[in-house]
There are 2 protein chains.
Amino acid sequence: MTTDAFLADCRARLAFDLLSNTWNAVVLWALRDGPRRPVELRERIGGISSKVLTETLRRLQFNGLVDRQEHPGAPVRVEYQLTPLGRTLLGPIDAVGAWAFEYGDEVIAAQDAACADGPESSGPPTQAGPGG
Amino acid sequence: MTTDAFLADCRARLAFDLLSNTWNAVVLWALRDGPRRPVELRERIGGISSKVLTETLRRLQFNGLVDRQEHPGAPVRVEYQLTPLGRTLLGPIDAVGAWAFEYGDEVIAAQDAACADGPESSGPPTQAGPGG
DNA sequence: CTGTATCCCCATGGATACTG
DNA sequence: CAGTATCCATGGGGATACAG
């Protein structure tokens, strides 16, 4: 393993903060195939409002992960794309996503088991499953 | 790349929800070397309250990622450790952490640049840097 | 030591409506 | 279409005090 300090080390926290939003990773991922217009992103992603999408893109932009391009014209056309830096984050994101595909079932199973074994104490400690 | 659908796909979201907490990944990481008592965890991690630590552990437990063991005795002794499933998550976590060590500087630089280029519009779109 | 119970702040993010 | 401005509900999580 490469990293050894996490805890007090803020450098590592930085990346987690980047992925600690509901939408950051999703939007990053949606941009992986190339530049996309906001309306496209909203269609691809689904369930994200205009406001929240913009906020997310601004965040990513601020952190140097995406780049905004404004093509002039009658109805102004805007495109967002990953920066080289943003592209490097696709690896870790994929690692996480791949894990979910591999072990997601086990997590679900564990949740069910927990609900079955001890419904007395339990409601899920928040964050059981998005349910969608 | 392995995964292709993210957006609508809840299976992938599951993993992100797991890492979308301030403390989940940190605690998981702090447990990588073996069983740990809460007090040890708090020392190793730093800056996490008893309450929040417990909540985090409960969450992880609920999702089948950690296991709780209660060794009886006068002052009850408790230990938490990763389950095999939890262990599988260390890979992705490490991927993210490694990324932070590799590219963290660039993110910081981008943030600074953003602050310098356009202080007019900007305060950081929230979530600039934990500052610690 | 381990864990719970409160109280409280505030950021995320959803809904909606409006401007260019 | 792109983006902003409000309003507002929810919950994470910090501080603190307390219980087993």
Side-chain angles (χ1 to χ4, degrees), chain A residues 13 16-27 35-62 66 68-81 118 120-132, chain B residues 13 16-27 35-62 66 68-81 118 120-132:
Chain A
R13 299 294 291 277
F16 282 103
D17 289 336
L18 250 29
L19 300 182
S20 283
N21 283 338
T22 307
W23 296 112
N24 276 11
V26 174
V27 170
R36 290 276 180 268
R37 304 174 57 195
V39 67
E40 293 177 291
L41 288 173
R42 296 192 56 190
E43 285 166 10
R44 279 192 82 171
I45 294 175
I48 185 174
S49 71
S50 164
K51 175 202 158 196
V52 172
L53 176 61
T54 302
E55 286 174 348
T56 303
L57 288 167
R58 289 275 180 287
R59 259 196 310 264
L60 297 174
Q61 196 180 357
F62 177 79
V66 310
R68 192 195 122 125
Q69 303 215 341
E70 196 169 321
H71 307 275
V76 189
R77 182 195 180 85
V78 178
E79 277 188 340
Y80 292 90
Q81 62 180 318
E120 327 84 29
S121 61
S122 50
T126 26
Q127 198 173 118
Chain B
R13 298 295 292 275
F16 282 104
D17 289 337
L18 249 30
L19 300 182
S20 284
N21 283 338
T22 306
W23 296 111
N24 277 10
V26 174
V27 170
R36 289 277 180 266
R37 304 174 55 195
V39 66
E40 292 177 293
L41 288 173
R42 295 193 57 190
E43 284 166 10
R44 278 192 83 172
I45 294 174
I48 185 173
S49 72
S50 164
K51 174 202 159 195
V52 172
L53 176 60
T54 302
E55 285 173 350
T56 303
L57 288 167
R58 288 275 179 287
R59 256 193 314 260
L60 297 174
Q61 196 180 357
F62 178 80
V66 309
R68 192 196 123 125
Q69 304 215 339
E70 197 169 320
H71 308 275
V76 189
R77 183 195 179 85
V78 179
E79 279 188 339
Y80 292 89
Q81 62 181 316
E120 326 83 29
S121 61
S122 50
T126 26
Q127 200 175 112

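No hydrogens, no waters, no symmetry mates; every other heavy atom, side chains included, goes into these values. Every chain is numbered from 1, with letters handed out A, B, ... down the list of sequences. These numbers come from a predicted model, not from an experiment.
Regarding H71(A), its NE2 atom lies at a distance of 12 Å from the P atom of dG3(D), rounded to whole Å. Taking atom CD1 of residue I45(B) and atom C1' of nucleotide dG13(D), one finds them 14 Å apart after rounding to whole Å. One interatomic measurement links the two molecules: CG of L60(B) to C1' of dG12(D), which rounds to 14 Å at whole-angstrom precision. At whole-Å resolution of the value, CZ in R68(A) and P in dC1(D) are 16 Å apart. Between the P atom of dG13(C) and the CG atom of N24(A) lies a distance of 8 Å, rounded to the nearest Å. Going from atom CD of Q69(A) over to atom P of dG3(D) covers 13 Å, rounded to whole Å. Distance CG (L53(B)) to P (dG12(D)): 16 Å, rounded to an integer number of Å. In this structure, L57(A) places its CG atom 15 Å from C1' of dG13(C), rounding to the nearest Å.
Mapped onto DNA chain C by nearest heavy atom, I48(A) and V76(A) fall at different nucleotides, with I48(A) at the one closer to the 5' end. Nearer the 5' end of DNA chain C, as judged by each residue's closest nucleotide, is the contact made by R37(B), out of R37(B) and V52(B).
Nearest to the side-chain atoms of S50(A) among the listed nucleotides dT4(C), dG13(D), dG3(D) stands dG3(D). Here the nucleotide nearest the side chain of V39(B), chosen from dC1(C), dC1(D), dG13(C), is dC1(C). In the set dG3(D), dG3(C), dA5(D), the nucleotide with an atom closest to the side chain of K51(A) is dA5(D). With dG13(C), dG13(D), dT2(C) as the candidates, the nucleotide lying closest to the side chain of R59(B) is dG13(D). Across dC1(C), dG13(D), dT4(C), the shortest atom-to-atom separation from the side chain of T54(B) is found for dT4(C). When each of dG3(C), dG3(D), dG13(C) is scored by its nearest atom to the side-chain atoms of V78(B), the top-ranked nucleotide is dG3(C). Of the candidate nucleotides dC1(D), dG3(C), dG14(C), dG14(C) has the atom nearest to the side chain of W23(A).
Using a 4.0 Å cut-off, no side-chain N or O of S49(B) falls inside it from OP1 or OP2 of dG14(D).
Electrostatic pairing of E55(B) and R59(B) does not count as a salt bridge here, judged by no charged N lying under 4.0 Å from a carboxylate O.
At a threshold of 4.0 angstrom between heavy atoms, the contacts of P75(B) with the nucleic acid are absent. Within 4.0 Å (heavy atoms only), R58(A) reaches sugar-phosphate atoms of the nucleic acid but no base atom.
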Would L57(A) and R68(A) satisfy side chain to side chain contact (heavy atoms under 4.5 Å, CB included), going step by step from the backbone distance to the final call? CA-CA 9 Å; L57(A) 288 167; R68(A) 192 195 122 125; over 6 Å; no
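Tested against V27(B) for a side chain to side chain contact (heavy atoms under 4.5 Å, CB included), the candidates V52(B), V66(B), I45(B) yield a single pass: I45(B).
Annotation for I48(A) and R42(A): closest pair O-NE, 3.3 Å, computed over non-hydrogen atoms.
For the pair P38(B)/L53(B), a side-chain contact is recorded, criterion being any heavy-atom separation below 4.5 Å from C-beta on.
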